[in-house]
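Here's the structure, in C-alpha cells; my notes come after.
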Amino acid sequence: MNPQRDEGREPLGEAARRAVRREEQARRDPEPSLGRRLGQIGVLGWAIVVLVLLGLLLGRWLDRLFGTGVTFAAALLFLGACLGLWSAWRWMHRQ
C-alpha cells in the first residue's frame, strides 16, 4: 500500500466527518430567522427607550416641583440610558 495515498485520504475523511457534525449541530440548534432577529432588535430598542423616557419624565416632574431647571431631568435621563443599556446587555447575554 502506498503511504502517500493514505495520507491524502485521511484529511478528506476528517473533513467529511466535520461536515456531518456541523450539519447535525445545525439541525439541533438552527439559526434564528430574520423575523426573529428583527424582533430581538425591537425588544432591545424598546427596553432602552422606555427607561430613558421614564427617567426624563420623572426628572422633568422633579425639576418643576423644585424649580431646578434641568438638573434632575439631565441626571435621570443619563441614569435611564445607563439602566436601559445595562438591561439590554444582560438580555442579549441570556439569549
Side-chain angles (χ1 to χ4, degrees):
M1 207 150 181
N2 189 350
Q4 289 178 341
R5 283 168 71 181
D6 290 339
E7 288 175 10
R9 289 184 184 165
E10 185 57 35
L12 182 60
E14 183 59 33
R17 285 188 286 278
R18 281 194 310 263
V20 168
R21 283 194 300 265
R22 279 194 303 266
E23 286 179 21
E24 289 171 356
Q25 175 64 27
R27 262 187 249 119
R28 282 192 306 261
D29 189 22
E31 185 71 23
S33 67
L34 177 63
R36 183 171 172 88
R37 295 253 187 210
L38 291 175
Q40 289 173 341
I41 291 169
V43 167
L44 289 174
W46 279 108
I48 296 168
V49 168
V50 166
L51 288 173
V52 168
L53 290 177
L54 285 174
L56 182 63
L57 290 173
L58 181 61
R60 290 290 295 151
W61 179 74
L62 288 172
D63 283 334
R64 286 185 188 151
L65 186 66
F66 294 114
T68 55
V70 295
T71 304
F72 285 110
L76 292 177
L77 176 73
F78 180 72
L79 182 64
C82 289
L83 286 174
L85 290 169
W86 178 72
S87 69
W89 180 79
R90 279 191 47 217
W91 184 80
M92 282 179 13
H93 283 279
R94 277 187 271 139
Q95 296 296 319

Hydrophobic cluster membership, with links at side-chain heavy-atom distances under 4.5 Å among I/L/V/M/F/W/Y: are [X] and [Y] in one?
X	Y	result
Trp61	Leu51	yes
Ile48	Trp89	no
Leu58	Leu65	yes
Val43	Met92	yes
Leu79	Leu85	no

* Does any non-hydrogen side-chain atom of Arg22 lie less than 4.5 Å from one of Gln25? ->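 They are not in contact (no side-chain heavy atoms under 4.5 Å apart), so the answer is no.
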* Structure fact -> In this structure, CG of Leu77 is separated from CZ of Phe72 (nearest 0.5 Å) by 14.5 Å
Between [X] and [Y], what is the shortest heavy-atom contact and its length?
X	Y	answer
Leu44	Trp91	CD2-CE3, 3.2 Å
Leu62	Thr68	O-OG1, 4.5 Å
Gly69	Arg60	O-NH1, 4.2 Å

* **Qualifying residues under salt bridge (charged side-chain N to carboxylate O under 4.0 Å, His left out), relative to Arg27, sequence neighbours excluded** =>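 If we apply the salt bridge (charged side-chain N to carboxylate O under 4.0 Å, His left out) test to Arg27, skipping adjacent residues, the hits are Glu23.
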* Using side chain to side chain contact (heavy atoms under 4.5 Å, CB included) as the criterion, list what pairs up with Leu53, not counting sequence neighbours. =>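 Testing Leu53 for side chain to side chain contact (heavy atoms under 4.5 Å, CB included), a comparison that skips the adjacent residues, returns Val49.
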* With distance as the sole criterion, is a donor-acceptor pair present between the side chains of Arg37 and Gln40 under 3.5 Å? -> no
* Asked: Which is it for Glu24 and Arg17 under the salt bridge (Lys or Arg N to Asp or Glu O under 4.0 Å) test, yes or no, and what are the steps along the way?
  -> CA-CA 11 Å; Glu24 289 171 356; Arg17 285 188 286 278; over 6 Å; no
